[in-house]
Amino acid sequence: MGTVLGEMRNVPWHELQHAYGSASQVPGMLSRIAWGDGPTAEDALSDLGQWIAAPAVFDATVAAVPFLWELAATETVKDRAGVLELLAAILASGHDLHPEWTRAAHDAVVAGRPTVARLAADASSAEAEAEAQTHTHARAQAQARQQAVRDAAVRLLAAIDGHICAACPPRAL
């Protein structure tokens, strides 16, 4: 496997659109989520959510979702729960004028179901991280972060399994 977000350079972001215009800034936001400290990642997630998920999805949303799944699965990402929440927001959003964007964005979120199922069930990485910490406060923070990821994953898994919208055909489970 390559580096985190390694394939991002292969996407013609400048040809895609988000809520405010050209999606050429989306790679920078994804990078800040991947490697930024806590506040930087949170700010980038908030901005990205406004660009690609609220109030609607766009063609840039479809391109960004696989990278969001990659970030959700990467333990070094500071706000993995926030990434999962953004994926849930994308699944809940649509675009009235472009139902094909809605369906493609939803399909991209649903395609990550194996990842979210693993995250919803994963307790071992939290225990290993907690054991590696020697400071009680750091251990508590690590456990809280992992619990937030599990909680967000459980909610997203339920949203995926129960997803019904006009743009998407019924899914077989």
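Hydrophobic clustering of Ile, Leu, Val, Met, Phe, Trp and Tyr side chains at less than 4.5 Å, counting indirect connections, keeps V154 apart from I90. One hydrophobic cluster, built from ILVMFWY side chains closer than 4.5 Å, holds both I160 and L119. Note on V62: it does not cluster hydrophobically with L16, by side-chain heavy-atom contacts below 4.5 Å among ILVMFWY residues.
When all heavy atoms are compared, the tightest approach of A72 to L84 is CB-CD2, 3.8 Å. Here the closest non-hydrogen pair linking V116 and A153 is CG2-O, 3.4 Å. Between A120 and L157 the shortest heavy-atom distance is CB-CD2, 4.3 Å. Residues A63 and V11 come closest through the heavy atom pair CB-CG1, 3.9 Å. Smallest separation of non-hydrogen atoms from A81 and A152: O-CB, 3.8 Å. In plain terms, the two heavy atoms of A167 and R103 that are nearest each other are O-CD, 3.4 Å.
If you take CD on E75 and CZ on R145, they are separated by 10.5 Å, rounding to the nearest 0.5 Å. To the nearest 0.5 angstrom, Q25 atom CD is 12.5 Å from Y20 atom OH. Atom-to-atom distance recorded for W101:CH2 and H106:NE2 is 13.5 Å, nearest 0.5 angstrom. Separation of atoms OG (S93) and CG (L86) is listed at 9.0 Å; rounding is to 0.5 Å. Taking CE of M8 as the reference point, atom CD of E70 lies at 9.0 Å (rounded to 0.5 Å).
Counting heavy atoms from C-beta outward, L30 and W35 have side chains that stay 4.5 Å or more apart. Counting only heavy atoms from C-beta outward, the side chains of D79 and I33 never approach each other to under 4.5 Å. Considering only heavy atoms from C-beta on, H18 stays 4.5 Å or farther from T61 through its side chain.
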Exercise. Given the rule in the side chain to side chain contact (heavy atoms under 4.5 Å, CB included) test, do Q146 and R80 qualify, once you have shown the distances and angles that lead to the verdict?
Worked result: CA-CA 9 Å; Q146 188 61 27; R80 293 167 64 204; 3.8 Å; yes

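H95 contributes a side-chain N or O that, together with a main-chain N or O of L97, makes up a donor-acceptor pair within less than 3.5 Å. The backbone N or O of S24 sits less than 3.5 Å from a side-chain atom of S22, completing a donor-acceptor pair. Under a 3.5 Å cut-off, the side chain of W13 and the backbone N or O of V26 do not form any donor-acceptor pair.
Between R155 and D151, no side-chain nitrogen of the basic residue sits less than 4.0 Å from a carboxylate oxygen of the acidic one, so the salt-bridge criterion is not met.
Remark: of the listed residues V4, L5, V83, V4 is the sole one forming a side-chain contact (heavy atoms from CB on, under 4.5 Å) with T74.
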Considering only distance and modelled atom types, tabulate donor-acceptor pairs under 3.5 Å from the side chains of residues 38-55, sequence neighbours left out.
from: T40; atom 1: OG1; to: D37; atom 2: OD1; distance (Å): 2.6

